[in-house]
Asker: 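What follows is a single structure, and I will ask about it in a moment.
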Amino acid sequence: MSRQLRYLVNRILWAVPVLVGASVVTFGIMHFTPGDPARFALGQRATPETVAALRRQMGLNQPVYAQYLDFVSGAVRGDFGQSLQTNESVTRMIAQRLPYTAQLSVAGLLIAVVVSFPVGVVGAVREGQFADHVSRVGALLGISTPNFWLGLLLILLVAVPLESFPIFGMTLVTEDPVEAVTSTLLPAIALGTAQAALLTRLLRGGMLDELQSGYVRTAKAYGIDSAEVTYVYVLKNAVLPTITVIGLQLGSLLGGAVIVEQVFGIPGIGRMSVSAIFSKDFPVIQGVTMLVAVVFVAANLLVDLVYARLDPRIAIDGGEG
């Protein structure tokens, strides 16, 4: 088995206990929350017989270990049961709303990357100059601005005066690409601004560290063009930690999408989660929680593979470890 393949297998095996731990936490949402889930679903006026019938339907009359095995078995098959409020399949509910959240999250991440890379590079190359000061102040403002407040500001200052951007809802790119861009742009800016600020500061700091390295002075002493050293060697080394953060931000974007979807009225899983929490719809909460956990694990696995591709030493160390 090659070192690269061994590294991949090792990363996948490490993901298994993480998912098992996530399933335990997700399962515990229902069992460690004070009160009876069946009573929550039916209300205080429900008769004991009705509550008992729902408990049997939900499998709450079985031993805890049997309930956990049923939950894991269903999760592996993609079956999280029925919504207590609508009696609809939780898997179907997630599948209907996931495209909206995925489109918003990808657009937010794209904006974060497109903005942060040039701004971070310019800030490092022109350290102490006006462009650097502007990038640092902009990054500070971006991190300090709550996404819900920025979303409301974009609605009031951009969407309402221009009348070119929808204030409510979102169109999927598979339905109408042009309308999808106009309806996604403002929510994506609100979601991706803080991520762009974080990536800018990280990339700028990484490049400043690399510019002080010995290989940079050696390359310049050999007469290699400064621009080539900066944008080929320095940027390649400085971008590695940034890639790790980009992968972790996928999960953060899903969390931030909860509020942004509320502000812009986007029918994604974030908005559905808020509704499920207020109505104590535990199967929906469990399904969304497991989805977020899988996204986190998949994103980290992808980051590990990209990292190993850019720096083969990682794959060698990981394969031997």
Side-chain angles (χ1 to χ4, degrees), residues 18-46 50-62 64 66-105 148 168-170 172 187 191 250-299:
V18 175
L19 289 175
V20 172
S23 69
V24 172
V25 174
T26 304
F27 175 77
I29 290 176
M30 178 180 293
H31 291 271
F32 297 130
T33 300
D36 186 351
R39 175 66 67 180
F40 276 134
L42 297 174
Q44 296 301 320
R45 297 185 178 181
T50 306
V51 173
L54 183 57
R55 286 182 60 84
R56 287 193 299 271
Q57 179 182 339
M58 298 172 65
L60 297 177
N61 58 332
Q62 300 179 5
V64 174
Q67 295 180 47
Y68 174 72
L69 292 178
D70 287 342
F71 170 74
V72 172
S73 175
V76 171
R77 301 193 311 270
D79 180 11
F80 295 99
Q82 307 280 330
S83 167
L84 300 180
Q85 296 298 313
T86 65
N87 204 33
E88 185 180 356
S89 168
V90 173
T91 303
R92 185 178 299 109
M93 293 173 64
I94 292 177
Q96 291 173 347
R97 291 160 178 79
L98 182 59
Y100 293 95
T101 301
Q103 180 171 302
L104 174 60
S105 299
F148 74 88
F168 189 87
M170 174 187 288
L172 294 177
L191 182 62
L250 285 174
S252 301
L253 288 170
L254 286 177
V258 173
I259 299 190
V260 174
E261 287 177 2
Q262 288 291 108
V263 173
F264 288 90
I266 299 172
I269 60 173
R271 195 176 181 196
M272 181 182 70
S273 301
V274 173
S275 176
I277 291 172
F278 280 114
S279 62
K280 303 293 193 301
D281 198 340
F282 291 103
V284 174
I285 299 173
Q286 289 179 319
V288 172
T289 303
M290 279 303 301
L291 172 65
V292 173
V294 170
V295 170
F296 259 110
V297 171

Asker: Would you give the length of the straight line joining atom CG of L291 to atom CZ of F296, rounded to the nearest 0.5 angstrom?
Answerer: 11.5 Å
Asker: Please find the pair of heavy atoms, one from L19 and one from V297, that lie closest to each other, and give the distance.
Answerer: CD2-CG2, 3.7 Å
Asker: Do S89 and F80 come within less than 4.5 Å of each other through their side chains, counting heavy atoms only?
Answerer: no
Asker: Could you report the tightest heavy-atom contact between L104 and A257, atom names first, then the distance?
Answerer: CD2-CB, 4.1 Å
Asker: Walk me through it: do F71 and Q286 pass the test side chain to side chain contact (heavy atoms under 4.5 Å, CB included)?
Answerer: CA-CA 10 Å; F71 170 74; Q286 289 179 319; 4.1 Å; yes
Asker: Under the side-chain contact (heavy atoms from CB on, under 4.5 Å) test against I277, which residue among V288, I285, V284, V258 passes?
Answerer: I285
Asker: Considering residues at least two apart in sequence or located in another chain, which fulfil the side chain to side chain donor-acceptor pair (under 3.5 Å) criterion with S275?
Answerer: none
Asker: What residues, two or more places apart in sequence or in another chain, satisfy salt bridge (Lys or Arg N to Asp or Glu O under 4.0 Å) together with D79?
Answerer: R77
Asker: Considering all heavy atoms of both residues, which atom of V90 and which atom of S83 are nearest to each other, and what is their separation?
Answerer: CG2-N, 3.8 Å
Asker: Can any side-chain N or O of T26 pair as donor or acceptor with the backbone N or O of T289 at less than 3.5 Å?
Answerer: no
Asker: Could you tell me how the ring of Y68 sits relative to the ring of F27: parallel (under 30°), tilted (30 to 60°) or perpendicular (over 60°)?
Answerer: perpendicular
Asker: In residues 93-102, what donor-acceptor pairs under 3.5 Å come from side-chain atoms, sequence neighbours left out?
Answerer:
unit_1	atom_1	unit_2	atom_2	d
R97	NH1	M93	O	3.2
T101	OG1	E261	OE2	2.6
T101	OG1	I269	N	2.8

Asker: Could you tell me which non-hydrogen atom of L191 sits nearest to which non-hydrogen atom of S105, and how far apart they are?
Answerer: CD2-CA, 4.1 Å
Asker: Looking only at non-hydrogen atoms, find the nearest pair between L172 and Q103 and report the distance.
Answerer: CA-OE1, 3.3 Å
Asker: Write down the atom of I266, the atom of R271, and the distance for their closest heavy-atom approach.
Answerer: O-CD, 3.4 Å
Asker: Just by modelled atom types, is the D70 backbone N or O under 3.5 Å from a matching donor or acceptor in the S73 side chain?
Answerer: no
